[in-house]
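Presented below is the structure to which this report refers.
Order of the sequence lines fixes the chain letters, A, B, ..., with proteins taken first and strands second; residue numbering starts at 1 for each chain.
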2 protein chains.
Amino acid sequence: MDPVLNEVKDIGAFLKENGIKPSYQRMQIYKFLLENRIHPTVDTIYKALCDDIPTLSKTTIYNTLNTFVEKGIISVIVIEENETRYEANMQLHGHFKCTECGQIYDIFLDTDPLDLTQLKNFKIKEKHIYFKGICEHCLKKATDKN
Amino acid sequence: MDPVLNEVKDIGAFLKENGIKPSYQRMQIYKFLLENRIHPTVDTIYKALCDDIPTLSKTTIYNTLNTFVEKGIISVIVIEENETRYEANMQLHGHFKCTECGQIYDIFLDTDPLDLTQLKNFKIKEKHIYFKGICEHCLKKATDKN
DNA sequence: GTATCTGCAAAACATTTGCAATTCT
DNA sequence: AGAATTGCAAATGTTTTGCAGATAC
C-alpha cells in the first residue's frame, strides 16, 4: 500500500489541516499529485485537468503549487533548467532522470547516507539528491537494436 | 594549493586538448570560472568580463558555456529554477545554498557515500547532491541581533 | 458583504535562434 | 578566400504580476 495515499484519505480535510482553503481546483491539483507519481510539470498538470475543469488557467496552477510549497505539503524538483516539477512525496528520497526517455525514477534512501560534519554549524532545511543517465529500459532497447 | 588551478597552467593549451579553439573570449570565460569558485550565472560572468571585453555579448557566453559543457570541462548547477550556474570543478562534490545570503558552498564528499544497488542496471552519468538552508555566517548574524 | 480565489492579458526574465559582421588562418 | 566565431535583434518558453470578475463564508 502506498504510504502517501494511505495517509491522505480526505484531501479537503488534509488541506484544511495545513491552512489551505480546499477549493475544487486545489483539491484536484493535490489529488493529481497524489495519484500520479510522475513528478509533473505545470503543463502536465494543466493538460491532465483541462477536461475536468475547462476554465482552468495555468496561473491558478502556479498559484496553487506555490501555496502548497509554502505550506510544506509538496516539494519542488529542479533537474533541468526551465522545467520545474512537483511531487507530493515529502519523505527523503532521491531521483534518477533518464536522458533518453525523460522519465524520473524515485530512489529510496534508507537512512541518511551522507556524512555532513562539514555542515555541523549550518541549518539544513532541504536535501536534494539526483542522478542523470540512461535507465534500464532504454539501455535494453539500445542493445536489442544491435 | 588549489587542485584545479594547479592542473590547468596554460588555458589555451587546455582548451585545445579538449577540442575547443581558444579564442580570447573563451579563454577569459574559462579563466574566470577557474579563478572565481563562486558558481556564477551567465549574468555574473557577463558583468565581470564587460570591462575587459566591452563588445562581449551574453549570446557568446551562452555559446561558450554550452560548448564547455559538451566537451566536458565544466558542469552545470541547477538549484533554483531560472538560475543556471556553472563551475570548472569537475570532481564529485556537493553544494550548500544559503537561502539568506544566496552563497553556494562546496561540500567535499570523500568517497561516493551512496548505496546505489537499486540502480545497478542503470547507467549513471551525473551525480548531483545539494542542500539548502542557512549558513554558519547568516545564523551567527541572526543570533547577534537578538 | 467582505475576503479570498480564479483566470485573462500583459509583463518579466532566462535562454535560444537567425543571420550578418568580424576574426583567424 | 574560407571556415569558425562573435554579437545584435528577434523569437521562444516559463513564471510572475496586475487586475477584474466569480466564488465562498
Side-chain angles (χ1 to χ4, degrees), chain A residues 11-13 15-16 18-32 39-71 73-86 102 104, chain B residues 11-13 15-16 18-32 39-71 73-87 97 102 104:
Chain A
I11 292 175
L15 293 182
K16 264 187 209 163
N18 286 280
I20 301 159
K21 216 182 266 184
S23 73
Y24 186 73
Q25 286 86 339
R26 288 171 176 177
M27 290 201 294
Q28 289 308 110
I29 291 169
Y30 188 71
K31 186 165 181 277
F32 182 81
H39 321 92
T41 63
V42 165
D43 195 59
T44 305
I45 300 169
Y46 177 72
K47 289 194 172 104
L49 299 184
C50 256
D51 285 346
D52 187 43
I53 317 171
T55 61
L56 184 65
S57 89
K58 283 191 182 176
T59 303
T60 298
I61 301 177
Y62 279 108
N63 289 339
T64 301
L65 293 172
N66 288 339
T67 303
F68 288 175
V69 172
E70 280 163 29
K71 300 295 186 180
I73 65 166
I74 68 168
S75 56
V76 179
I77 307 164
V78 183
I79 294 181
E80 311 288 349
E81 50 255 76
N82 285 332
E83 192 193 76
T84 309
R85 292 164 173 274
Y86 300 86
I104 294 178
Chain B
I11 292 175
L15 294 181
K16 266 187 209 161
N18 286 280
I20 301 159
K21 216 183 262 184
S23 73
Y24 185 74
Q25 284 87 338
R26 287 172 177 174
M27 289 201 294
Q28 289 310 109
I29 291 169
Y30 188 71
K31 186 165 181 277
F32 182 81
H39 322 89
T41 62
V42 164
D43 196 59
T44 306
I45 300 169
Y46 177 73
K47 289 194 172 107
L49 299 183
C50 257
D51 285 346
D52 186 44
I53 317 172
T55 61
L56 185 65
S57 89
K58 282 191 183 177
T59 304
T60 298
I61 301 177
Y62 279 109
N63 289 338
T64 301
L65 293 170
N66 287 339
T67 303
F68 287 175
V69 171
E70 280 164 29
K71 300 294 185 181
I73 66 167
I74 69 169
S75 57
V76 179
I77 307 163
V78 183
I79 293 180
E80 311 288 349
E81 51 252 78
N82 287 333
E83 191 192 77
T84 309
R85 294 164 172 273
Y86 299 86
E87 71 177 342
K97 173 155 184 175
I104 294 179

*With DNA chain C as reference, determine whether T59(B) or Y46(A) sits nearer its 5' end, using the nearest nucleotide of each.*
Y46(A)
*When you check the phosphate oxygens OP1 and OP2 of dT23(C), does a side-chain N or O of Q25(B) lie under 4.0 Å from one of them?*
no
*asked:* Side-chain N or O of Y62(B) versus OP1/OP2 of dT16(C): is the shortest distance under 4.0 Å?
replied: no
*Of all the heavy-atom pairs spanning T41(A) and R85(A), show the shortest one and how long it is.*
CG2-CG, 3.8 Å
_Partner nucleotide of dC8(C) by Watson-Crick or wobble geometry (both distances under 3.5 Å)_ =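 Across any shown strand, dC8(C) pairs with dG18(D).
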*Can you tell me the pairing partner of dT23(D) across any strand shown, Watson-Crick or G-U wobble, with both distances under 3.5 angstrom?*
none
With a non-hydrogen cut-off below 4.0 angstrom, is [X] in contact with a base, only sugar-phosphate, or nothing?
X: K21(A); value: sugar-phosphate
X: E81(A); value: nothing
X: N66(B); value: sugar-phosphate
X: T41(B); value: nothing
X: E83(B); value: nothing

*Could you pick out which residue, K58(A) or T55(B), lies toward the 5' side of DNA chain D when each is mapped onto its nearest nucleotide?*
T55(B)
*asked:* Both N82(B) and S23(B) contact DNA chain D. Taking the nearest nucleotide for each, which residue is further toward the 5' end?
replied: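 The 5'-side residue here is S23(B).
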*Flag for T67(A)-T64(A): side-chain donor and acceptor within less than 3.5 Å*: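 No, because no side-chain N or O of T64(A) sits under 3.5 Å from a partner of the opposite role on T67(A).
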*First locate atom CG of N82(B), then atom OG1 of T84(A), and finally report the distance between them rounded to the nearest 0.5 Å.*
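Rounded to the nearest 0.5 Å, the CG-OG1 separation comes to 6.5 Å.
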*For K58(A), does the NZ atom have more than 12 heavy-atom neighbours from other residues, nucleotides or ligands under 6.0 Å away?*
yes
